[in-house]
Protein chains: 2
Amino acid sequence: MSSCDTCVVRNRAICAGLDNREIEALNHIGRRRMVTAGEPLIWEDDDSLLVANVIEGVLKLTTSTEDGREQIVGVAYPSDFIGRPFGQTSSASVVALTDARVCVFSRNDFDRFAREHPELEHKLLERTLAELDRTRSWMMLLGRKNASEKIATFLLEMSDRLAETGCTPAFGPAKRFSLPFSRQQVADVLGLTIETVSRQFTKLKNEGVIELPSRREVEILNRGALVALAG
Amino acid sequence: MSSCDTCVVRNRAICAGLDNREIEALNHIGRRRMVTAGEPLIWEDDDSLLVANVIEGVLKLTTSTEDGREQIVGVAYPSDFIGRPFGQTSSASVVALTDARVCVFSRNDFDRFAREHPELEHKLLERTLAELDRTRSWMMLLGRKNASEKIATFLLEMSDRLAETGCTPAFGPAKRFSLPFSRQQVADVLGLTIETVSRQFTKLKNEGVIELPSRREVEILNRGALVALAG
DNA sequence: GGGCCGCGTTGACGGAAGTCAAAAAATCGA
DNA sequence: TCGATTTTTTGACTTCCGTCAACGCGGCCC
């Protein structure tokens, strides 16, 4: 029995649609791995040596300038695929935000397997196209929205994305959730500074739009107001 | 004889790698079309009805807010693929920047054909992964670079991208080129205002880094300075 | 419990880029 | 060729957000 049989993302990740023989073969070239919060899995500009499926936890994809400025260019949740197949180097670092469990493959092994299994490549294509859509809508946010619009959009996105993972499976967006980001990381997602993020959070709290029970917890009190602010 | 036989992007677009029979079949479901400068080809949020290969010309991909702010989220050059296969709606509008020639397919026809031709899907996957890389590095620019870094990065990217299309085929980056963008469109690419773009251009001209022979023409006098400014 | 450390908040201030307005330059049609 | 229109540039002013600095709070270890 392969570990895929008990995998919680078996039917959502790109492995979905593979038959038992294929899963067995894929299982053979992959292995499970824990990544603890803060630990890097892939380095920017490094040879792209591995790719992975996220089983559990949240990871950030980042690019940095030489002088240390950082931009989070993507966030990977359970069932998401990370890494850069069919390429020499990966354009972003991948670092765990929470303790995470991933299913890793050497890039070469994965590339070979994928080329032999069109159904898998198709799933990967659909996923990549969807990620490109999401990334492009984030460009709108980075280029054209002001701080309060950015924060409102971010909170709504979080409430959608984190709803799926919680114990309540997809009963609409989460009203209350625990951010996988520090304030600095929120700033790195939105292209702001930590101070601006903090001020905007405080402002929303004072206006009664959200509640902040603890550093990482957010409760949305007035979703309509957030939607209006998000623009 | 199919029109693909004389297609200038035949060996660079996703059609590369298909054999004669397959090209014939693909040619059967597609048709060539002109798009004049300023004319839209695909509307944001509309049902994704068509996809296309760019044969000649340059097109912009944009997203807009309700109140009219616009962000250019991608630029399509000859041999690039545009549109959203395997999805209901496209997340960006596509509008021609210059007169352009494209090879269009109905999305349904294309989806069906692609699923039957793994080699084509693979090409599309490679292209989409590369586009995602490029988009992510653009997020860095939008989120973390200041106006002069943005302009410098933009000019270098233009000089690379436009080198390939000119009569001089890929002798390194172009030293002098004609922008396919108005000042407003440059602003929409970089997340700036037209006034800021204009001031930065003037500044670079005064510093002797570039020359501006006409509105659309740019000549790079000091590439090293641009690289340094781009950060 | 107390002190330390990292993270987050708040305040004061300045500057980069946005806004508004007008002049200048290029484009276009008659 | 000339005037009309659009695009770009330039200037004056404003504002949003970044920077710098101090403070507060919670967690953690001894």
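Labels below follow one simple rule: chain letters A, B, ... track the order of the sequence lines, proteins then strands, and each chain is numbered from 1.
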Problem set entry | Spacing between B:Leu229 atom CG and C:dA16 atom P, to the nearest angstrom | 14 Å

Exercise. Less than 4.5 Å apart, any side-chain heavy atom of B:Ser182 and any of B:Arg216?
Worked result: yes

For this session: May I ask you to say whether B:Arg223 pairs ionically with B:Asp160, meaning some side-chain N is under 4.0 Å from a carboxylate O?
Result: yes

Problem set entry | A:Ser214 versus A:Glu217, side-chain donor and acceptor atoms under 3.5 Å | no

For this session: Pick base, sugar-phosphate or nothing for A:Ser182, based on heavy-atom distances below 4.0 Å to the nucleic acid.
Result: sugar-phosphate

Problem set entry | Spacing between A:Leu192 atom CG and C:dG8 atom P, to the nearest angstrom | 15 Å

For this session: Using atom CG of B:Asn146 as one end and atom P of D:dC17 as the other, report the distance to the nearest whole Å.
Result: 16 Å

Exercise. Are any of A:Thr196's side-chain N or O atoms less than 4.0 Å away from OP1 or OP2 of D:dG18?
Worked result: yes

Problem set entry | B:Ile194 CD1 - C:dA21 P separation (whole Å) | 17 Å

For this session: To the nearest Å, give me how far apart CZ (B:Arg199) and C1' (D:dT10) are.
Result: 7 Å

Problem set entry | d(CD1, B:Ile151; P, C:dA17) in whole Å | 10 Å

Seminar exercise, completed: Picking from D:dT7, C:dG8, C:dA17, the nucleotide nearest the side-chain atoms of A:Arg215 would be C:dG8

Exercise. Hey, is the main chain of A:Gly57 close enough, under 3.5 Å, to the side chain of A:Thr98 for a donor-acceptor pair?
Worked result: no

Exercise. Is the distance from OP1 or OP2 of C:dG18 to the nearest side-chain N or O of B:Thr193 less than 4.0 Å?
Worked result: yes

Exercise. C:dT10 C1' sits how many Å from A:Gln200 CD, rounded?
Worked result: 14 Å

For this session: Figure out the NZ/P separation between B:Lys203 and D:dT10, and round it to whole Å.
Result: 14 Å

Problem set entry | Side-chain donor/acceptor contact of B:Arg183 with base of D:dT10 under 3.5 Å | no

Problem set entry | Side-chain N,O (B:Thr202) to OP1/OP2 (D:dT10) below 4.0 Å | yes

Problem set entry | Side chain A:Glu195 and base D:dC20 donor-acceptor under 3.5 Å | yes

Exercise. Any Lys/Arg nitrogen of B:Glu131 or A:Arg136 sitting under 4.0 Å from an Asp/Glu carboxylate oxygen of the other?
Worked result: yes

